[in-house]
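These notes are about the structure you will find just below.
Every chain is numbered from 1 and lettered A, B, ... according to where its sequence line falls, protein lines coming before strand lines.
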Amino acid sequence: MNAPDRHVPKAAAAKLLSGNAACAQGAIDAGCKFFAGYPITPSSEIAERLSTMLPAAGGVFIQMEDEIAAMAAVVGASMGGVKSLTATSGPGFSLKQENIGYAAGAEIPCVIVNVMRGGPSTGMPTRPSQADIFQTRYGSHGDYPMIVLAPASAREIYDETIRAFDLAELCRTPVILLYDQVIAQSSETVALGGRVPVHATRKWASGPREAYKPYAADADLVPPMPRPGDGYRTHTTGLTHSETGFPSQDPETVTRNLGRLYAKLDRHRDLIDSYEAVRCEDAEVVIVAIGISARAARRAVDACRAEGYKVGLFRPVTLWPFPEIALREATRNAKAILVPELNIGQLRLEIERQLRDRRVEGLHLISGEPITPAQIAASAAKLASEV
Amino acid sequence: MFRDAPHFDVRDYLRKEMMPHFLCPGCGHGMALRALLWAIHELNIDRDKLAVVSGIGCAGRLSAYIDANTFHTTHGRPLAYATGLALARPDLHVVVITGDGDCLAIGGNHLIHACRRNLKLTCLMLNNEIYGMTGGQVSPTTSETRLTTTTPHGNSEPNFDACALATAAGAGFVGREVTRHVPKLKELIKAGLQHPGFAFVEVVSDCTEVYGRKNDMGSSAEMVMRQKSEMRPSAYRDSVDEPFRSTDLPTGILAQNNRPEYGAALRAAAAARAGK
């Protein structure tokens, strides 16, 4: 139940906002100054809004020739020192993967929104899905860590967009914001005040230019970044590199550098981890869900409790790295876990991996419709009566 | 023999820690790099404000040797990376180094749209007619009938005329030169660097090791000597009348216009909206 106050609107004028509109507003409020994108449903409203908002905020909007170019331009702008964003959906996200991997390996901060749609391939552009859970984590080739945030409401999309920029800058890494079509395109009444954003600024290289090594990390394992124009004249590459930034295939060097990419996220887990646990203390069945499925599950928890079943909800807001310690805590007394999701079992696989000693059941819907609270409640009640 | 301009020592512009370089003996890319650095020297471009963005392959590796802000990006995408960088930082002088495969195959779409968009970028495409780093496979500019590791019976595909493509796509500046004439190449690159919009410069280079050797093209010197007479993009060849088809590959500035630069136009449009 960490940071619950972020979800409590305080005195601010309430507005009717879609999730995508909240994302665009969050990007502006986080200090984003560059957006490159390519139209794709159901994410396009983010680009449309930012085409107006960004120039007004002193930033740049560009619609690129394709998804790959959009991701490349975002990384390029960030290398120039500007907070940068792109937004896409399933097929476009697949195309962006190589350059997302580049950003992870070369340690270039940026934010990528993926509004999931059904698949495989072109799939269902206007229907909800939660089938990109693994693609966000493992989409690009090679080993690399990834921060993925999975908000569940317009209000939370706004907050998590700001947090995505903060984490990207703090950890010098790409951050993915992952949500589904229902919360992207449904409008909700939200008041955006109340949260004090971190507004992290990038750690720029300073000090003697001769001694500077662009990938020599500070104690927080994040290297200060060279800003073009400041005189450091460094080299950035997607090849494995030493602290100098120049290519290296020295076994010890590449092992140490890749190890640091993982370790730097571990070092910042207190800022990265975010989750919500509802009525888990005495729960015999804990539902684990994200996005629109978690909102249906929240209703299902109340319905089950009203009938006397001890059911709780664990909702990872940070999807990757998975908040596994919090999950263990939330499921301490649970005999069974229910994972409702709009795919054939991606989140369930991760939960099974983490809770091997427990019964884990999935509730998977791939029809292009959201799971209803009644469907989840029925499954949870059945599971509760069996354990 | 080419004579350096006064005070130009190419070593002043190279990263000594990257020496020795990895180029094969006889590779034309070294001369292309020399011409670029010479042009930068003569224009007195502040290297703290110089950003060089490259793709993948032999040409892509050149950025690492330049003592400036350098970015070795993904295959085919340097123009897209450079677009973001140049839009975010209009104070930087952004140069793109790309190869024929990088620029015309995997990156062909980015080239077309960079030409159309006319953002202030200088794109150097080093054309050695081959994928050198991956071992000599056919590229979009490999001349017809030539042997490569993936055209063992001779190349059956017509090759691209990159300059004709860039011109048709609306590039503000299009030029071509051969590494055989480094001072002329330097002058062409200088003109490209000074152009206020998108400048596309094709550098006709040579690959002795995995292209020339396979096609019995002789030493690197012999390859360089035939740059203008034997290399002829089929699009160009087909576009000229029969009596002229034996003429040399056209070099120099092939197209130039001064239509509005994209970044400035974008900023002006935003400012005009904000003023309303």
Side-chain angles (χ1 to χ4, degrees), chain A residues 33-36 51-52 54-84 86 97-103 105-106 108 110 209 226-239 241-242 244-247, chain B residues 15 17-18 22 46-56 60-61 63-94 106-107 109-114 116-117 119 262-263 266-267 269-274:
Chain A
K33 289 283 188 279
F34 185 87
F35 180 97
S51 69
T52 303
L54 262 179
V60 173
F61 170 92
I62 183 170
Q63 183 171 315
M64 293 296 285
E65 55 271 19
D66 60 37
E67 295 277 9
I68 300 171
M71 189 64 228
V74 160
V75 180
S78 182
M79 294 192 301
V82 169
K83 286 186 181 180
S84 308
T86 188
Q97 290 295 347
E98 186 193 13
N99 288 322
I100 294 173
Y102 181 94
I108 313 295
C110 55
R209 294 169 187 189
R227 178 159 41 195
D230 285 359
Y232 290 95
R233 296 189 195 168
T234 56
H235 186 59
T236 303
T237 178
L239 292 165
H241 44 264
S242 71
T244 63
F246 295 118
Chain B
R15 286 175 167 145
E17 61 270 41
M18 289 297 288
F22 88 125
D46 178 3
R47 275 178 292 157
D48 286 347
K49 294 279 189 182
L50 173 66
V52 182
V53 184
S54 64
I56 298 295
R61 286 294 188 98
S63 64
Y65 300 114
I66 303 171
D67 187 21
N69 305 281
T70 55
F71 303 94
H72 179 223
T73 65
T74 51
H75 190 35
R77 320 297 173 199
L79 279 170
Y81 276 82
T83 297
L85 181 59
L87 281 174
R89 292 290 304 276
D91 58 315
L92 297 178
H93 203 122
V94 184
I106 186 168
N109 199 33
H110 308 312
L111 172 65
I112 295 169
H113 291 277
R116 173 180 70 91
R117 208 172 271 132
L119 179 63
Y262 175 74
L266 204 62
R267 290 187 291 275
R273 288 279 296 189

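Contacts between A:Val74 and chain B at a heavy-atom distance below 4.5 Å are absent for every atom of the residue. Looking at B:Ser54, there are no atoms closer than 4.5 Å to chain A (heavy atoms on both sides), in backbone or side chain. Proximity to chain A (any heavy atom under 4.5 Å) is restricted, for B:Ala68, to the backbone atoms N, CA, C and O. Contacts between B:Leu87 and chain A at a heavy-atom distance below 4.5 Å involve backbone atoms as well as side-chain atoms. B:Arg116 does not touch chain A: none of its heavy atoms, backbone or side chain, sits under 4.5 Å away. For B:Arg15, the part lying near chain A is the side chain, with the backbone staying farther off; criterion is any non-hydrogen pair under 4.5 Å.
Two residues are said to be in side-chain contact when any heavy atoms from C-beta on lie closer than 4.5 Å; A:Ser51 and A:Gln63 fail this criterion. B:His110 has its side chain within reach of A:Asp66: a pair of non-hydrogen atoms, C-beta onward, lies under 4.5 Å apart. Within the 4.5 Å cutoff, no side-chain heavy atoms of B:Tyr65 are placed close to those of B:Thr70.
Annotation: maximal heavy-atom pairing with chain B below 4.5 Å, among A:Ala77, A:Gly101, A:Ala73, A:Ala72, occurs at A:Ala72. Taking chain B as the reference chain and counting heavy-atom pairs below 4.5 Å, the highest number among A:Gly80, A:Pro226, A:Pro55 is found for A:Gly80. Among A:Thr244, A:Ile68, A:Asp230, A:Val82, the residue with the largest count of heavy-atom pairs under 4.5 Å with chain B is A:Ile68. Here A:Pro228 is the residue among A:Pro228, A:Ala56, A:Gly245, A:Ala70 with the most heavy-atom pairs under 4.5 Å with chain B. Each of B:His75, B:Arg47, B:Lys49 has some count of heavy-atom pairs under 4.5 Å with chain A, and the biggest count is that of B:Arg47. Top candidate by heavy-atom pairs under 4.5 Å with chain A, chosen from B:Val53, B:Val52, B:Asn109, B:Thr83, is B:Asn109. Per-residue counts of heavy-atom pairs under 4.5 Å with chain A were compared for B:Glu17, B:Arg117, B:Met18; the largest is that of B:Arg117.
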Assess the residue pair A:Ile108 and A:Thr236 against the criterion (side-chain contact (heavy atoms from CB on, under 4.5 Å)); give the C-alpha distance rounded to whole Å, side-chain angles, the decisive distance to 0.1 Å, and a yes or no. CA-CA 10 Å; A:Ile108 313 295; A:Thr236 303; 4.2 Å; yes

Would you check, one step at a time, whether the test side-chain contact (heavy atoms from CB on, under 4.5 Å) holds for B:Asp48 with A:Arg209? CA-CA 11 Å; B:Asp48 286 347; A:Arg209 294 169 187 189; 3.8 Å; yes

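In terms of heavy atoms, A:Phe246 sits closest to B:Ala64 at CE2-O, 3.9 Å. When every heavy atom of B:Gly76 is checked against every heavy atom of B:Ile106, the shortest pair comes out as CA-CG2, 3.4 Å. Shown here for B:Arg77 and B:Thr73, the closest heavy-atom pair between the two residues is C-OG1, 4.2 Å. Here the closest heavy-atom approach between residue A:Phe61 and residue B:Tyr262 is recorded as O-OH, 4.5 Å.
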